[in-house]
Structures are given as C-alpha cells and as structure tokens.
Amino acid sequence: MEHVPYDQTPPCWVSYSNERDIRNKPAIHHYHNAFELDFFVKAELDIFVKDNKYTIRDGDFFFIDEYEIHRIFYQPNRPYARYVINFSKDFIRGVLCEAGLEETLEWIVSEGPRKVETTPEQRNELLSLFAAMAAEFGRFSESGDPVALAALKCNLLLLLIRFRRLAGQQPPPVPYNPHIKGLIRYIDEQYMNPITLELLEKQFGLSKYYISHLFKETTRFTVFEYVANRRILEAKKLLEQTDQPIVQIALGCGFNNLQHFYRMFGRYAKMSPLQYRKTFGALPKT
C-alpha cells in the first residue's frame, strides 16, 4: 500500500509488508501522530522506543504510543513480513465507549508492555484478525463503504482486547539500563532548555564520553540527534495545533535563534515551518 507521511497518518491506516530477504535495508527512525499496532509474521530485528530496546521475533505483537520516537534496526538476509495498523484515538473512541472499554486503551498506553509474545495457536488467531483488517481497509479505501468502516472498527476493538489479555499473561520485562532511561526521560522533560554533554555529565555523575558511547550504542542516535528530533517533534505539534508565532515556538522548543530553527526544521521536515503550518495546521486558514 502507498506510503503516507509518518507524522500525518490518517485516522486509520492498515498496511502489510512481505520481503523474502531484507538484505541491507537501512535503519529508519520516525514517529506517528497516531497509535500503532504491529504484528510481526516473520522478523528478526530490534526496535528502540522512547527509552528501551526490544528484540523482535516471529509472532511478536507490538504497541507504540502516539508521538513516540522509535527506530527500527533490520537484520540483513532475513525474511520480513509484518502487518501495521495506525489509528487515532478519535477513530476508535466511539466503539470503545459503546462497549464500555475506554480503560482498555488507557491501560495499554499507560501500563501495558509494548511487546507481547505469542504461541503458534495465538498467532493463527491474530493473523486472521489482521488479515480481516487489511481486507476491510482495502474495501473502505476503494469505495468508502460504511459497512467496511464499521468492520474496521469492530476488528480493531477485538485486536485491542486481545492485546490486553495477552499482555496480562506476559512475564515481567527484563530490567533495562537505568542510565538510558534516565537520560531519555531527562531530555523528554527538558528539551526546551539548553542540553549539553557537560550538563548531562554533571546531572548524572557519568563521564560525557561514557554517555555518548552508551547513548549511541543503545539507541543508534547521538545525544544531539535525539534532542533535535524531540524539539522538532514538539515544534510540529505546536505548528499544527496552535497559532503561536513561529519565533515563540522556536524559542519555546529549545532553539536559541530563529535561523537555527529554520535550518534544523528544514533538515528534518523537508519544508519550512510556515509551509508546514499551512499544509498541516488544524486551525482555520485566514
């Protein structure tokens, strides 16, 4: 299915990838303005999300929250098949309310594990559900069929219920490097302020050389790549959702001057902040 911009995902989008041999597919990093459910039919790869790295194998069921930066590292010369569903909160809200299951999505977002491992029997059930989603999405995309839309929402509800039930059966996660968790959390909370290796060294009592090595080895981002991604993500949200002046957004997101903001925004978004606002802003155009 055709590619959609990562940060401009439609209310619901379903895709299926199937490659016999990944070969030298490069690592990709992005985020979505929507939730993501993945079912890996065939896979041998790693995903870094927020502050943790996950090893993915056949049959893994995976959830990513909206606006979470994630990076995928593929293993060359491996088969790869995956279903992906992106959906907005508004798309599923009505069905969740009707079923009295609003807390199901809330639990998955705030408490549940990201990765759920499955048995062969569970995989067959999930394959059927994901295949049904893909088929209904195709029908709805082609004709706008309201029955297909209803089926999409019902099947998505079943997948969320299945994810929650399976998540409750998972063993406790393996403890992860606390330094990375602390560094990511600090950057996520302080991106609007100056962040340097010297500051992180002082804040965490770790050598800046160790911080640089650990961060790159674990996330495949440099510290400054992650900081830049975080700042641009927040700037995009403000450009979409508010009418704040661009200079105010730039300074509020941690850029020390407007020229630097324009240069970095163009590098990551491939357009200027003003073009981005005109294209994706939700406020009425004047």
Side-chain angles (χ1 to χ4, degrees), residues 1-6 9 12-32 34-87 108-109 112-138 155-156 158-177 180 216-221:
M1 295 181 184
E2 64 181 293
H3 170 74
V4 294
Y6 291 126
T9 307
C12 183
W13 188 264
V14 184
S15 64
Y16 176 66
S17 299
N18 188 359
E19 302 178 44
R20 290 179 120 191
D21 186 349
I22 288 180
R23 298 198 182 277
N24 295 315
K25 190 169 185 176
I28 59 170
H29 72 270
H30 58 265
Y31 64 89
H32 299 276
F35 302 112
E36 178 171 322
L37 272 177
D38 298 318
F39 182 65
F40 294 91
V41 184
K42 289 283 184 184
E44 189 172 336
L45 51 85
D46 293 320
I47 301 180
F48 178 85
V49 186
K50 194 173 176 62
D51 59 5
N52 213 336
K53 185 165 68 175
Y54 302 86
T55 298
I56 301 297
R57 296 294 181 263
D58 297 359
D60 285 347
F61 196 5
F62 203 77
F63 177 82
I64 301 175
D65 197 359
E66 54 187 355
Y67 290 108
E68 283 192 325
I69 297 172
H70 48 287
R71 198 164 199 177
I72 303 173
F73 310 102
Y74 300 95
Q75 295 290 337
N77 306 315
R78 298 289 190 276
Y80 174 69
R82 173 177 80 149
Y83 283 99
V84 179
I85 300 172
N86 293 109
F87 64 98
I108 292 172
V109 170
R114 295 186 190 280
K115 186 180 85 165
V116 167
E117 297 179 1
T118 63
T119 65
E121 294 77 15
Q122 292 163 348
R123 292 174 199 176
N124 289 333
E125 179 191 358
L126 289 171
L127 270 173
S128 296
L129 281 170
F130 273 93
M133 282 287 293
E136 298 296 351
F137 179 74
N155 280 315
L156 179 55
L158 288 173
L159 281 170
L160 291 173
I161 292 171
R162 200 73 188 104
F163 188 94
R164 167 127 195 210
R165 285 180 173 170
L166 290 172
Q169 302 168 12
Q170 299 297 297
V174 177
Y176 198 62
N177 190 309
I180 286 293
K216 180 69 173 178
E217 181 181 54
T218 306
T219 71
R220 307 289 179 90
F221 288 103

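In this structure, the side chain of N124 does not engage the main chain of E121 through any donor-acceptor pair within 3.5 Å. Looking at E36, its side chain never comes within 3.5 Å of a backbone N or O of V84 through a donor-acceptor pair.
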Practice task
Go through the steps for E68 and Y31 under the test side-chain contact (heavy atoms from CB on, under 4.5 Å), then give the verdict.
Solution key: CA-CA 6 Å; E68 283 192 325; Y31 64 89; 5.9 Å; no

Practice task
Run the numbers on L37 and L160 for side-chain contact (heavy atoms from CB on, under 4.5 Å), then give the verdict.
Solution key: CA-CA 9 Å; L37 272 177; L160 291 173; 4.0 Å; yes

Problem - L126/L166 under side-chain contact (heavy atoms from CB on, under 4.5 Å): CA gap, chis, key distance, verdict - result: CA-CA 11 Å; L126 289 171; L166 290 172; 4.2 Å; yes

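Across all their heavy atoms, A81 and N18 have their closest contact at CB-OD1, 3.9 Å. In plain terms, the two heavy atoms of F221 and I69 that are nearest each other are CZ-CG2, 3.9 Å.
The structure places CG of L156 at 12.5 Å from CD of E136, a figure rounded to the nearest 0.5 Å. Atom CE of residue M133 and atom OG of residue S15 lie 11.0 Å apart, to the nearest 0.5 angstrom. Note that CG of D65 is 10.5 Å distant from CD1 of I108, once rounded to the nearest 0.5 Å. The distance from the OG1 atom of T218 to the CD1 atom of I180 is 4.0 Å, given to the nearest 0.5 Å. We find the CD-OG1 distance between E125 and T119 to be 9.0 Å, quoted to the nearest 0.5 Å. One finds the CZ atom of R165 at 12.0 Å from the CD atom of Q122 (value rounded to the nearest 0.5 Å).
In this structure Q169 satisfies the side-chain hydrogen bond (donor to acceptor under 3.5 Å, both in side chains) test with no other residue, sequence neighbours excluded. Shown here are the side chain to side chain contact (heavy atoms under 4.5 Å, CB included) partners of R123, two or more places apart in sequence or in another chain: F39, D58, T118. Looking at residues two or more places apart in sequence or on another chain, you find a side-chain hydrogen bond (donor to acceptor under 3.5 Å, both in side chains) between T55 and D46.
Within 6.0 Å of the CZ atom in R57, the count of heavy atoms belonging to other residues, nucleotides or ligands exceeds 12.
A ring-ring contact (aromatic ring centres under 6.0 Å, His included) with F130 is found for exactly one of F40, Y16, Y83, F163, namely Y83. Exactly one residue among V109, I85, I64 makes a side-chain contact (heavy atoms from CB on, under 4.5 Å) with F35. That residue is V109.
A cation-pi contact, defined as under 6.0 Å to the ring centre and within 45° of the axis, is absent between R114 and Y54.
Using cut-offs of 30° and 60° on the angle between ring planes, the pair W13 and F137 is perpendicular.
Looking at H32 and H70, their side chains come closer than 4.5 Å, going by heavy atoms from C-beta outward.
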